[in-house]
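What follows is a set of notes on a single structure, which appears directly below.
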Amino acid sequence: MADNSLDDGVPRRGRMRGHAGRRRGRLFAAASVAVMVVLAAVGCTSDSSDDEAPQGGSESGTIALLLPETQTTRYESADRPYFEARMAKICPDCKVLYSNADQDSAAQQNQAEQAMTNGAKVLVLDPVDGEAAAVIARNARDRGVRVVSYDRLIQKAPVDAYISFDNEKVGQLQGQALLDAIGDRAGAGKVIMINGSQDDPNAQQFKDGALSVLEGKVTIGFDTFTPDWSPDTAGREMDQAITTVGRENIVGVYAANDGIAGAVVAALRRANVNPLPPVTGQDAELAGVQRVLAGDQHMTVYKAIRPEAEQAADLALALLRGEPVDTIATGRVDNGNGQVPAVLLEPVAVTRDTVAETVVKDGFLAKADLCAGTYAAACASAGIS
């Protein structure tokens, strides 16, 4: 509308017709006035202020996807492509601005600010630090920008919607699988806990879920968080745990995700621990599932990222259009600022016996990749061919 108007708000097209009408007579002038009224009415119904989400029916706009890190392979290989593909399908004229913070909270704040400066009306934000991201959420609210908290919950700030997995359930699955694998050896040694990053609120929830199963049934001999979810750091932590507890006294390892699990297994091998104790994981990364098939890692947790990313796109588009999200986000979580509409998806434990019916059946991992090279025999043995 702004491109077709002068300072007094009268459309140029209407002015041109008005001038022409006066030259042609009063009859044409009256018709021109009617045309200007119609044009003005159309302009009023289509205009929207800069600090409000577009109203129902809007089929374009800018959405920012802000992911936290690249240590975990899922973000670049799954979350981003699934989200962008879904947005291209449901809103072909929408623009997606993408950034990854590489585990830098200050960088993520700058990326969010840049996205809003570049016109983003919705932020789909997976925070590096759940509490630090409150600054982003508050700035967004002040500017009329909507926020979807993605995978990790933004703490103590206004958030329009949240989508993730039931994180305590993830930890419970890990803890139960570990306890089952340890079996009657539970009293013969100690369990090592190598958790995720303390800045990530999910890491504490995973740990809480695991402890709800393990406490009172095993002895925790070493327990630490891993800054930035760094596998390199996790490897050094596991080296320290082996020294502290003694390699012969380790009956199991709670590793918070597959990246950490890979570092744990490598550290155990360096220390000549044989046989390997059961090690947990999470995310069903290719390397993690291959370790599960080979017997080096006991289990992982499959979180179907495609529905998470796709429903995040659905939430973002609803907010862009100014539509309610309650039909998508039917649950509620408390983030310290209030009750946030939430989608909590169901995680699934994956062991060697269930790889075929979970990550392979869903197409999450391609058989050609999973069973390449030395893993062909392990796949065949697990019924994957």
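With sequence neighbours excluded, the residues that form a side-chain hydrogen bond (donor to acceptor under 3.5 Å, both in side chains) with S381 are R352.
In this structure, CG in L293 is found 10.0 Å from OG1 in T351, a value given to the nearest 0.5 Å. The distance from the NZ atom of K361 to the CD1 atom of I384 is 13.5 Å, given to the nearest 0.5 Å. Annotation: the span from L344 atom CG to E308 atom CD amounts to 10.0 Å, rounded to 0.5 Å. I136 contributes atom CD1, which lies 14.5 Å from atom CZ of R141 (distance to the nearest 0.5 angstrom). The CG atom of N335 sits 6.5 Å away from the CD atom of Q155 when rounded to the nearest 0.5 Å. Taken to the nearest 0.5 Å, the CG atom of L123 stands 11.0 Å off from the OG1 atom of T62.
Heavy atoms only, all atoms of each residue included: P347 and K169 are closest at CG-CG, 3.7 Å. Scanning both residues, V253 and I250, for their nearest heavy atoms gives CG2-CG2, 4.0 Å. The two residues I90 and A313 make their nearest non-hydrogen contact at CD1-O, 3.9 Å. For I63 against A316, the heavy-atom pair with the smallest separation is CD1-CB, 3.9 Å. Of all non-hydrogen atoms in V124 and A312, the two that sit nearest each other are CG1-CB, 4.4 Å. Looking at every heavy atom in both residues, G130 comes nearest to P201 through N-CD, 3.9 Å.
Residues M238 and V265 form no side-chain contact, since every pair of their non-hydrogen atoms from C-beta on lies 4.5 Å or further apart. The shortest distance between side-chain heavy atoms of M193 and L211 falls below 4.5 Å. Between K190 and F222 the shortest side-chain heavy-atom distance does not fall below 4.5 Å. Side chains of L178 and V218 form no contact here, defined as non-hydrogen atoms less than 4.5 Å apart. Between V279 and L268 the shortest side-chain heavy-atom distance falls below 4.5 Å. Within the 4.5 Å cutoff, no side-chain heavy atoms of L125 are placed close to those of V148. D199 has its side chain out of reach of V128: every pair of non-hydrogen atoms, C-beta onward, lies at least 4.5 Å apart. Taking 4.5 Å as the limit, every side-chain heavy atom of V340 sits out of range of all side-chain heavy atoms of S149.
Hydrophobic clustering, with ILVMFWY side chains joined whenever heavy atoms are under 4.5 angstrom apart, keeps I220 apart from F225. Under the 4.5 Å side-chain contact rule for hydrophobic residues, F83 and F165 share a cluster. Taken together through direct or relayed side-chain contacts under 4.5 Å among Ile, Leu, Val, Met, Phe, Trp and Tyr, Y302 and M299 form parts of separate hydrophobic clusters. Residues V135 and V159 are members of separate hydrophobic clusters, defined by side-chain heavy-atom contacts under 4.5 angstrom among Ile, Leu, Val, Met, Phe, Trp and Tyr. Hydrophobic clustering keeps Y375 apart from L370 (ILVMFWY residues linked when any side-chain heavy atoms are closer than 4.5 Å, directly or through intermediates).
Judged purely by distance below 3.5 Å, without hydrogens or angles, the side chains of T226 and E237 pair a donor atom with an acceptor atom. For the 3.5 Å distance criterion, the side chains of N257 and W229 fail to qualify, holding no donor opposite an acceptor. A side-chain donor from one of Q204 and D208 sits under 3.5 Å from a side-chain acceptor of the other.
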> side-chain contact (heavy atoms from CB on, under 4.5 Å) between L67 and Y98: does it pass, once the steps are laid out?
Replying inline: CA-CA 8 Å; L67 297 183; Y98 174 71; 3.6 Å; yes
>> As a quick check of understanding, evaluate side-chain contact (heavy atoms from CB on, under 4.5 Å) for R143 and E113, giving each step before the final call.
In response: CA-CA 11 Å; R143 297 171 67 161; E113 183 66 29; 2.5 Å; yes
>> Would L179 and Q176 count as a side-chain contact (heavy atoms from CB on, under 4.5 Å) here? Give the steps.
In response: CA-CA 5 Å; L179 188 63; Q176 189 61 57; 4.3 Å; yes
> After noting the C-alpha distance and the side-chain angles of R74 and E285, does the key distance pass the side-chain contact (heavy atoms from CB on, under 4.5 Å) rule?
Replying inline: CA-CA 7 Å; R74 57 168 281 192; E285 292 184 357; 5.6 Å; no
>> Working note: Q114 + N110, criterion side-chain hydrogen bond (donor to acceptor under 3.5 Å, both in side chains); need CA distance, chi angles, decisive distance, verdict.
In response: CA-CA 6 Å; Q114 189 62 48; N110 291 335; over 6 Å; no
>> Does R306 form a salt bridge (Lys or Arg N to Asp or Glu O under 4.0 Å) with D362? I'd like the steps, not just the answer.
In response: CA-CA 10 Å; R306 182 169 185 167; D362 286 0; over 6 Å; no
> What do the steps show when you test Q108 against D129 for side-chain hydrogen bond (donor to acceptor under 3.5 Å, both in side chains), and what is the final call?
Replying inline: CA-CA 9 Å; Q108 189 167 63; D129 182 322; over 6 Å; no
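With I305 as reference, D79 is the one residue of D79, D283, D151 to meet the side chain to side chain contact (heavy atoms under 4.5 Å, CB included) rule. Checking D126, L345, N202 one by one against S164, the side chain to side chain contact (heavy atoms under 4.5 Å, CB included) holds for a single residue, N202.
Judged purely by atom type and a 3.5 angstrom limit, R152 uses its side chain to pair as donor or acceptor with the backbone of P127. The main-chain N or O of N100 is found under 3.5 Å from a side-chain atom of Q111 such that the two form a donor-acceptor pair. A donor-acceptor pair is defined here as one N or O able to donate and one able to accept, closer than 3.5 Å; such a pair exists between the side chain of K367 and the backbone of S385. Here the side chain of D258 pairs a donor or acceptor atom with the backbone of Q282 at under 3.5 angstrom. At distances below 3.5 Å, at least one donor-acceptor pair connects side-chain atoms of Q174 with backbone N or O atoms of G281. In this structure a side-chain-to-backbone donor-acceptor pair under 3.5 Å is missing from S60 to C94. The main-chain N or O of V147 is found under 3.5 Å from a side-chain atom of D160 such that the two form a donor-acceptor pair. Proximity of a side-chain donor or acceptor of D334 to a complementary backbone N or O of Q339 within less than 3.5 Å is not detected.
Taking a cutoff of 4.0 Å between a charged side-chain nitrogen and a carboxylate oxygen, R332 and D326 qualify as a salt bridge.
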